[in-house]
Chemist: 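Quick one: the structure is below, and I'll ask about it shortly.
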2 protein chains.
Amino acid sequence: MSKKDPTILETPENSFQIVESLKELDGANLTEIARHTGLAKSTVHDHLSTLQYHNYVVKEDDEYNVGLGFFEIGEYARRRLKVYQTARPEIKELAKETGELANLMVEEHGRGVYLHRERGDNAVTLDTYTGKRRYLHRTALGKAILAHLPEDRVNEILDQHGLPQATENTITDREKLFDELEKIRDEDIAYCRQERVNGLKCVAAPFLSSNNEVLGAISVAAPTTRMKGERFEEEIPELVLQAANVIEINVTYS
Amino acid sequence: MSKKDPTILETPENSFQIVESLKELDGANLTEIARHTGLAKSTVHDHLSTLQYHNYVVKEDDEYNVGLGFFEIGEYARRRLKVYQTARPEIKELAKETGELANLMVEEHGRGVYLHRERGDNAVTLDTYTGKRRYLHRTALGKAILAHLPEDRVNEILDQHGLPQATENTITDREKLFDELEKIRDEDIAYCRQERVNGLKCVAAPFLSSNNEVLGAISVAAPTTRMKGERFEEEIPELVLQAANVIEINVTYS
DNA sequence: CTGAGTGTTCCTTTCTCGGGAACTCTCTTC
DNA sequence: GAAGAGAGTTCCCGAGAAAGGAACACTCAG
């Protein structure tokens, strides 16, 4: 209550907004950006010059695009994370064993970020790509993470981001979600049954630090046709769980 | 001459400088950043709040770090590039066939950016990682790219970045470099003989668009002990060249 | 209890940034 | 080849944003 709202600087804000526009429009010229952001052309022009100077923006013939400066720093941000380093080989193994798509997710500011993926021989192609940010409540990975966050934090996240629906199976009720999280804690495994994408099921397991803080989660995703019966209920969960255990140990003791 | 210097906005500039500090210091607290950038604590504080709001910065217990916001946009910037999409499978194949480290580089603003790497079974571990920016004149990849840029552009790049030395084999003379580039154009293959790192040799080949613009280059890197005789002069060049050809065709016709 | 180190907040001044308008330049179109 | 539409660029001015300094909380160590 008494805490002051943090000061947000307007000028950098505008810079970021311009980059965001570039991403949303998938490349644009100066005039389009000005229209999209509501800023004056001259303003956008100065921002673009500044961004270009730092490789954050590139100009290719007749349009501007996001540059590789972001990639450079972004890769640094990922490599810096110990979970990424230790989980990578396990994810690879998991994809190979199952032939499906294996994923690694961590939480940042209340949402899930896919840090890494590895494709097995039969892996589905999804709209999800590395770097993508997702709501936690509608993926197996996200639920696995939520299940191990303190209840206060979970409520905080839900207050901030809500429970937007994606399919008819999405959990949109807070009570129901908490029940589900309870079950996930019991079994140490989270399932996603077409809650974000129709036709897709996932199995995920979290891994924790030595003082029981959740560090992230890994999952296997596959079409419903291959995700049923024993494979869905035992075989894959077992593999995912094992991999998560290995990661947990390696993160702690290395 | 007559062209006005582009306007660089100071406030975003400060934001970027703070992020850069975070990367250089590999995480830092507010006071350290203030010292490092020469800005007032209160100023840094406001910038950090703004950056945090956009996931560009995260605060973990007692220090600030670069956040995954950069990763999110950076991945978008990479995926957007057609070269990346088409080269990826070929790089993988190349790593598998040779057992060594295979790389993809593109040029941006006069320097080379590693877009992707794939490790074969015997791959060396290098200081280079994906996203890393390098001088063009001292890697095989960079020279392969330089060889196919217009001469004016090459001179422009050299004016801007110079020819800094890394080992006793680095080419530091402009004349010599141009001779080398000529040779590369003849053979369609570039070599790096311990010009950036002692003990490391590379073989690289560029790929061009239909109107002869260079799009990027791929390479195989290995320790000198495995890079000699026929393997270095024929076997590996042949594989790299083939892969580059496949990429060139796929980029053009798909 | 004190002191040194954080991070945060407030206030004041300065000069940066944003908008508007004028100016190029390059293509189209007639 | 003149006229016009659209782009990007440059210039200028006034409002108000951002930077700095100082004072204020907090935490931890001794």
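Values in this document were obtained by computation on a predicted structure and should not be read as measured data. FYI, side chains are in, hydrogens and waters are out, and symmetry mates aren't considered; it's all heavy atoms of this structure. So you know, we letter chains A, B, ... as the sequences are listed, proteins then strands, and number each from 1.
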Chemist: Does one side chain, of A/Arg134 or A/Thr128, offer a donor that lies under 3.5 Å from an acceptor on the other?
Modeler: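 There is such a pair (donor and acceptor under 3.5 Å, judged by atom type) between the side chains of A/Arg134 and A/Thr128.
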
Chemist: Using a strict 4.0 Å threshold on nitrogen-to-oxygen distance, state whether A/Asp127 and A/Arg196 make a salt bridge.
Modeler: yes

Chemist: Bend across the helix from C/dC1-D/dG30 to C/dC30-D/dG1, to 10°, with axes taken over 5 pairs at each end?
Modeler: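 The angle, to the nearest 10 degrees, is 30°.
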
Chemist: Taking NZ, NE, NH1 and NH2 as the nitrogens, is one of them in A/Lys82 or B/Glu60 under 4.0 Å from a carboxylate oxygen of the other?
Modeler: no

Chemist: Could you please spell out the steps behind the side-chain contact (heavy atoms from CB on, under 4.5 Å) verdict for B/Thr252 and B/Ser210?
Modeler: CA-CA 7 Å; B/Thr252 315; B/Ser210 47; 3.9 Å; yes

Chemist: Do A/His137 and A/Glu195 touch side chain to side chain, with heavy atoms closer than 4.5 Å?
Modeler: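 Not touching, per the 4.5 Å side-chain cut-off.
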
Chemist: Ignoring backbone atoms, establish whether A/Asn14 has a side-chain N or O less than 4.0 Å from OP1 or OP2 of C/dG18.
Modeler: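 The answer is yes; a side-chain N or O of A/Asn14 sits under 4.0 Å from OP1 or OP2.
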
Chemist: Does D/dG8 have OP1 or OP2 sitting under 4.0 Å from an N or O in the side chain of A/Thr31?
Modeler: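 For D/dG8, OP1/OP2 do have a side-chain N/O of A/Thr31 under 4.0 Å.
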
Chemist: How many whole angstroms separate atom CD1 of B/Ile33 from atom C1' of C/dT6?
Modeler: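 Those two atoms, CD1 and C1', are 13 Å apart.
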
Chemist: Quickly work out the B/Leu9 CG to D/dA17 P distance and round it to whole Å.
Modeler: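 It works out to 16 Å between those atoms.
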
Chemist: Go nucleotide by nucleotide along DNA chain C from the 5' end; which of B/Ala28 and B/Glu10 gets its closest nucleotide reached first?
Modeler: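 It is B/Ala28 whose nearest nucleotide is closer to the 5' end.
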
Chemist: Using whole Å, report how far CG of A/Asp62 lies from P of D/dT9.
Modeler: 13 Å

Chemist: For D/dA19 and B/Thr11 - does any side-chain N or O of the residue sit under 4.0 Å from the phosphate oxygens OP1/OP2?
Modeler: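 Affirmative; the distance criterion is met.
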
Chemist: Show your working on ring-ring contact (aromatic ring centres under 6.0 Å, His included) between B/Tyr56 and A/Phe16 and close with a plain yes or no.
Modeler: CA-CA 10 Å; B/Tyr56 291 131; A/Phe16 299 143; 4.7 Å; yes

Chemist: With sequence neighbours left out, which residue pairs that include part of residues 32-52 of chain A fulfil the ring pair (Phe, Tyr, Trp, His ring centres under 6.0 Å) condition?
Modeler: none

Chemist: Just checking, B/Arg117 and B/Tyr129: is the charged tip under 6.0 Å from the six-membered ring centre and within 45° of the axis?
Modeler: no

Chemist: Return the polar atom pairs (N/O with N/O) between nucleotides 24-29 of chain D and the protein under 3.5 Å, or none.
Modeler:
none

Chemist: Output yes when A/Glu180 and A/Lys143 qualify as a salt bridge under the 4.0 Å nitrogen-oxygen rule, no when they do not.
Modeler: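 So A/Glu180 pairs with A/Lys143 through a salt bridge.
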
Chemist: Charged N to carboxylate O under 4.0 angstrom, B/Glu72 versus A/Arg78?
Modeler: no

Chemist: Rounded to the nearest Å, what distance is computed from the CG atom of residue B/Leu30 to the P atom of nucleotide D/dA19?
Modeler: 14 Å

Chemist: Mind listing the residues from residues 36-50 of chain A sitting with a heavy atom below 4.0 Å of DNA chain D? Number order is fine.
Modeler: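 Per residue number, the list reads A/Lys41, A/Ser42, A/His45.
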
Chemist: Determine whether A/Leu115 and A/Thr130 satisfy the following criterion, side-chain contact (heavy atoms from CB on, under 4.5 Å), listing intermediate values before the conclusion.
Modeler: CA-CA 6 Å; A/Leu115 262 201; A/Thr130 318; 5.7 Å; no

Chemist: Step through it carefully: locate the ring centre of A/Tyr76, locate the ring centre of B/Phe70, and say whether they are under 6.0 Å apart.
Modeler: no

Chemist: What's the CD1-C1' distance between A/Ile8 and D/dA17, to the nearest Å?
Modeler: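 So the two atoms are 14 Å apart, to the nearest Å.
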
Chemist: Could you run down the sub-3.5 Å N/O contacts of the protein with nucleotides 25-27 of chain C?
Modeler:
none

Chemist: Can you list the residues that meet the side chain to side chain donor-acceptor pair (under 3.5 Å) rule with A/Glu213, with sequence neighbours excluded?
Modeler: none

Chemist: Apply side-chain contact (heavy atoms from CB on, under 4.5 Å) to A/Ile171 and A/Leu163, showing your working.
Modeler: CA-CA 7 Å; A/Ile171 299 176; A/Leu163 290 163; 5.7 Å; no

Chemist: In whole Å, what is the span from the CG atom of B/Asn29 to the P atom of C/dT6?
Modeler: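 Result: 6 Å.
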
Chemist: For the pair made of CD in B/Gln52 and C1' in C/dT8, what is the distance, rounded to whole Å?
Modeler: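 In whole Å, C/dT8 C1' and B/Gln52 CD are 13 Å from each other.
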
Chemist: Nearest-Å distance, CD1 (A/Ile18) to C1' (D/dG8)?
Modeler: 15 Å

